[in-house]
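No experiment lies behind these values; they were computed from the predicted model shown. Both ligands and their constituent atoms are indexed starting at 1 by order of listing.
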Amino acid sequence: MSIERQRGAARNLHHGSKLAIAILAAGKGTRLKSRRAKVLHEIGGKPLLAHVIEAASKVAAPADIYAVVGHQAGRVRSAVVDSGVHFVEQAEQRGTGHAVEAAKDAIAGYENVMVLSGDAPLVKPETIEKLWQFHQSHDAAMTLTSAEPDEPTGYGRIVRRTPDSPEVTAIVEQKMLAPWQQAIREVNMGMYAFKTAPLLKHLGELSPDNPHAELYLTDMARMLGAAGERVVAFKTEDASELLGANTIAEMVALDASLRSATARRLMDSGVTIFRPETCVIDSDVEVGPDTVIEPFVQLLGHTRVGPDCRIRSYTVIENCTLGNGVIVRQSCVLADSTIADGADIGPFARLRPGCEIGEKVHIGNFVEVKKSKLGMGVKAGHLAYLGDAEIGAAANIGAGVITCNYDGVKKHLTRIGAGAFVGSDSTLVAPLTVGDGTYIGAGSCITKDVPANALAVGRARQMTKEGWAAARRAKHPQKE
Ligand code: UD1
Ligand code: CA
């Protein structure tokens with residue numbers, strides 16, 4: 001990058017947009033009893049933090065997004081590094097207020113900063129957007145987001161100046177509730193917008209004067225109010241966005257609710273999913289209309305399935321792209337590959353990463369394909385291993401054919417020409433080229449290139465001894 005562009009980028013980062021979004025993700029999540037940081041736990045096939053980053057990225061105003069990481073920082077960073085967020089380190093986790101303090105230098109150049117919780121993955125982009133609009137229209141120093149869940153226990157409660165006032169005098173954490181505050185049903189969602197200047201001016205006044213001896217970001221409501229700043233609450237209708245998970249069981253419940261929403265989204269767009277509660281479909285999966293998904297199917301990662309396909313039971317497809325009218329029969333395992341229109345895969349087929357399966361290809365029972373390109377109409381019906389192969393259109397691969405692609409040191413390519421016929425149980429020792437339209441006799445071990453339109457047979461000649469068996473039986477009658 002040129003010096004000019006580097007300067008441009010730096011300028012862009014700190015002054016081009018007036019909004020920073022800080023996502024707090026440094027905590028351990030002690031209540032989960034897991035050795036893995038809470039924000040790394042996955043629902044809908046993605047870490048909690050990735051869901052929050054995705055929602056934050058959809059805010060209309062240009063914003064730079066920071067993730068505050070601490071516990072297992074390295075793993076957390078690498079789990080979301082592709083999202084393009086910036087990272088800030090909070091070496092010791094001393095509370096949500098302390099986490100924002102850790103981001104002080106990063107956010108200082110922005111007029112406003114929104115703070116989100118990395119462990120609240122159901123937050124909707126629209127809600128973040130509404131919070132931002134509310135904050136601006138009330139010209140507040142701090143705007144917090146509230147909701148009224150059926151069960152407020154455990155959340156910070158909102159104390160409004162008067163019941164109908166947008167102004168808030170304090171957020172009180174569960175353990176600090178005065179008896180009269182126990183009845184408050186309005187809770188803090190852990191999502192805020194601040195004017196950066198008053199936030200940073202008063203952040204240092206936070207004290208760990210609470211049962212956990214932490215610096216609570218929630219105390220900023222009282223402190224900013226006491227300093228004469230305006231603190232308001234934006235109340236959302238949908239309290240379900242608040243949901244997080246403090247136990248593995250709650251995490252699994254979140255996963256289920258997200259997946260049923262994904263299945264619902266697909267069914268609303270014309271996909272039939274039989275017994276959707278048995279299927280595992282990640283949030284980013286797309287499926288075309290009139291495709292039928294049978295029970296116990298898993299569609300994972302960035303899988304794209306075209307229209308008019310049928311995915312039969314017990315198949316697992318991860319990061320694959322399927323064209324139109326593809327059928328994947330029972331119990332196939334397909335990963336990181338593309339499959340063109342009208343292909344017919346399985347049952348019990350395996351595609352390992354890097355396969356390009358052409359139109360109308362048939363791959364049958366117990367065929368394993370790895371990093372291979374199969375042209376239109378290739379057939380490999382039974383029990384084959386095709387690795388590092390390029391197979392021309394309409395070639396026929398017999399049962400039990402094996403490409404010997406590995407010599408113990410390197411992988412080698414096998415090229416099989418269009419319309420070639422490779423007889424059953426042949427071994428093709430790579431590097432090897434078999435010409436177009438050529439026949440390989442069954443049971444051959446082929447080690448040398450074969451030109452087009454030839455016949456190659458690489459096996460011992462058959463020997464037949466007439467009457468041999470009868471003679472043997474006469475010699476050893478007891479064997480009968
Ligand atoms: C917080 C709020 C509570 C609110 C609730 C909503 C405080 C004190 N309380 O409680 O009012 O109702 O969210 O879910 O803020 N984190 C750090 N560094 C730390 C501590 C926490 O980055 O030192 C991160 C955590 O990883 C988490 C987020 O901040 O993603 C919230 O922290 P958590 O401990 O879960 O706060 P809650 O108890 O949920
Ligand atoms: Ca939490």
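Counting heavy atoms only, G95 comes closest to atom 23 (O) of ligand 1 of the residues A99, G95, G97, S146. Taking each of V52, T96, V100 in turn, the one with a heavy atom nearest to atom 21 (C) of ligand 1 proves to be T96. The closest heavy-atom contact to atom 18 (N) of ligand 1, among the options Q93, K28, Q90, comes from Q90.
For atom 11 (O) of ligand 1, the nearest protein heavy atom (residue, atom name, distance) is E173 OE2, 2.6 Å. Considering only non-hydrogen protein atoms, atom 25 (C) of ligand 1 sits nearest to G27 N, 3.8 Å. Among protein heavy atoms, atom 22 (O) of ligand 1 sits closest to A26 N, 2.9 Å.
No more than 12 heavy atoms of other residues, nucleotides or ligands shown are found within 6.0 angstrom of CD on E237.
Under a 4.0 angstrom heavy-atom cut-off, R31 registers as being in contact with ligand 1. Using 4.0 Å as the threshold, V187 has no heavy atom nearer than that to any atom of ligand 1. Proximity of A25 to ligand 1 is established by a heavy-atom distance of less than 4.0 Å.
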Please determine whether side chain to side chain donor-acceptor pair (under 3.5 Å) holds for the pair H202 and E205, giving the CA-CA distance in whole Å, both sets of side-chain angles, and the decisive distance to 0.1 Å.
CA-CA 5 Å; H202 296 284; E205 298 162 21; 2.8 Å; yes
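Every atom of ligand 1 with a heavy atom of R94 under 4.0 Å away is listed here by number and element: 23 (O).
Protein heavy atoms are found less than 4.0 angstrom from atom 32 (O) of ligand 1. Inside a 4.0 Å radius of atom 1 (C) of ligand 1 there is not any protein heavy atom.
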